[in-house]
Amino acid sequence: MNLLQSIRRYLSIIALVTCSIALLSSCKSVTSSDTVDYKSAGAVRGPNLSYPPDLITAQADRRYIVQDGTATMSEYNAAVKKSAQLRSNVMTGIPGMRIARDGERRWLVVEKPAPELYPQVKDFWQENGFLLVVDSPSTGIMETDWAENRAKIAQDWIRSTIGGALDSVYDTGERDKYKTRLEVTKPGETEIYITQRGAIEKCTTDTTGACLSTIWTPRPNDPELEAAFLARLMERLGMTQEQAKAMVATPLGPKTPKAKFVQDGANQAHIELGVSFDRSWRDVGLALDRSNFTVEDRNRTAGVYYVRYVNPKELGDTKGFFSNLFSSKDDSSLKAKKYQVVVKSTGENSANVYVQNADGKPENTPAGFQLLTLLTEQLTR
């Protein structure tokens, strides 16, 4: 009997015992009006193999980590005071905040400098029950760890009766992580993008169809989860709940495919986009955020995203990968490679996208061909 079967048998026994007790009172269904709840699961602070593997793990920005024995009490008190001031500023709200949209894509535009917004956005994710595995104020990028949306667990009478004691047994079999990118488009104005990635636990079966074990596999991106957190962030920045929900709920525009994959040779290709450079830059950034890329830096003037990418086919043994994921070792063991994704304007309403190697030379290899294919899939969604 495998572990999954043992857990199910254990739950069945508990349910029978509890039912006998519950029949003396009343069996009442409990429902939740909130469809997003990552807090109740608690933060994962150590190795936990129930969480899906990521394709890259970056270290958090060290400037936000207090090292034992190196900070004085006066420095600590000053940091606490500054944090309190930032939080108090939120209560006054931020003027000029709106939702922008293009097809199914939504993002937040705030008339405030990115350095002032970054710590507030960071606090927002932590207040919603997430740990940050990427925290880079210099690039305006942060990324959460994998977390479970506990609101998806059915709130039946069994769980309402004994859920507190066996809460860790209940599992949705799904995990989510979120990337946030702050982009400065003009002085005093910041665009905030939130993208979601999901994973689902699936059984691997034998010839009889019996479940032998489970593995984590990617699941489609969920724009509604992104919208939910955009609305919550707007509330965090001072907008009322009703205003935020109404603004996010405005119908999206029609989808218009703007990307075309163009093959120039055996392993030479590029992507043609039928929009301006500004929109191309934004769309490519979102495509990178929703894929297995980690953006290390970017240069909007030159039209270059500096990224890392790990090919899933090169990960090898899953157990070995889990060990690498939760260790403090450098991610070179995961065979991460560096590339440059270049966006070049070719006209008022057109641009091309190229993949180059770390030295800025054309990546005329099967790997470059594959990366352009992945980006095209995202850009045409």
Side-chain angles (χ1 to χ4, degrees), residues 1-19 29 32 35-38 40-57 129-131 133 144-160 162-163 165-178 195-226 290-292 310-327 334-335 370 374 377-378 381:
M1 181 181 296
N2 60 31
L3 179 60
L4 188 60
Q5 291 173 324
S6 299
I7 292 175
R8 287 174 176 168
R9 182 179 179 183
Y10 177 66
L11 281 174
S12 299
I13 295 172
I14 293 295
L16 287 173
V17 173
T18 307
C19 188
S29 296
S32 173
T35 58
V36 180
D37 176 21
Y38 293 89
S40 59
V44 178
R45 301 187 179 277
N48 188 330
L49 301 189
S50 69
Y51 280 69
D54 191 8
L55 296 179
I56 200 73
T57 300
F130 292 92
L131 291 175
V133 295
T144 73
D145 201 354
W146 291 101
E148 180 184 28
N149 183 1
R150 305 291 287 181
K152 288 189 175 183
I153 297 177
Q155 300 293 312
D156 54 25
W157 64 269
I158 297 178
R159 184 163 187 261
S160 65
I162 61 171
L166 294 174
D167 196 58
S168 61
V169 175
Y170 289 87
D171 195 296
T172 62
E174 295 183 5
R175 298 292 185 270
D176 301 295
K177 70 184 314 179
Y178 296 86
T195 53
Q196 175 263 353
R197 285 178 59 198
I200 187 168
E201 194 174 18
K202 291 186 176 180
C203 277
T204 57
T205 59
D206 58 18
T207 55
T208 66
C211 182
L212 298 176
S213 61
T214 60
I215 58 172
W216 290 100
T217 59
R219 77 174 195 274
N221 163 263
D222 188 344
E224 294 309 311
L225 280 176
E226 296 172 352
R290 287 177 171 174
S291 305
N292 299 324
V310 177
N311 189 336
K313 296 180 180 179
E314 297 179 359
L315 292 178
D317 180 69
T318 302
K319 293 182 179 178
F321 174 68
F322 268 120
S323 299
N324 289 327
L325 173 65
F326 292 109
S327 72
L334 299 183
K335 302 181 181 180
Q370 178 190 7
L374 291 173
E377 291 174 357
Q378 288 293 336
R381 287 183 178 178

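Keep in mind that this is a model prediction, so the values were computed, not measured.
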*CD on E148 to CD on E174, rounded to 0.5 Å*: 9.0 Å

*For T207, side-chain hydrogen bond (donor to acceptor under 3.5 Å, both in side chains) partners two or more places apart*: none

*Mind checking what makes side chain to side chain contact (heavy atoms under 4.5 Å, CB included) contact with T205, not counting sequence neighbours?*
C203

_Reported OG-to-CD distance for the pair S213 and E201, which is rounded to 0.5 angstrom_ = 9.5 Å

*If a pair satisfies salt bridge (Lys or Arg N to Asp or Glu O under 4.0 Å) and one of its residues is in residues 204-218, list it, with sequence neighbours excluded.*
none

_Qualifying residue, where the test is side-chain contact (heavy atoms from CB on, under 4.5 Å) with Y178 and the options are T195, D145, L225_ = L225

*Do side-chain atoms of R219 reach the backbone of A199 as a donor and acceptor pair under 3.5 angstrom?*
yes

*Going by heavy atoms in the side chains, are Y38 and T144 under 4.5 Å from each other?*
no

*Output all residues satisfying side-chain hydrogen bond (donor to acceptor under 3.5 Å, both in side chains) with Q378, sequence neighbours left out; order by chain, then residue number.*
none

*Does the side chain of Q196 pick up a donor-acceptor pair with the side chain of D222 at under 3.5 Å?*
no

*Enter the distance from K202:NZ to T214:OG1 here, rounded to the nearest 0.5 Å.*
12.5 Å

*Output all residues satisfying salt bridge (Lys or Arg N to Asp or Glu O under 4.0 Å) with E377, sequence neighbours left out; order by chain, then residue number.*
none

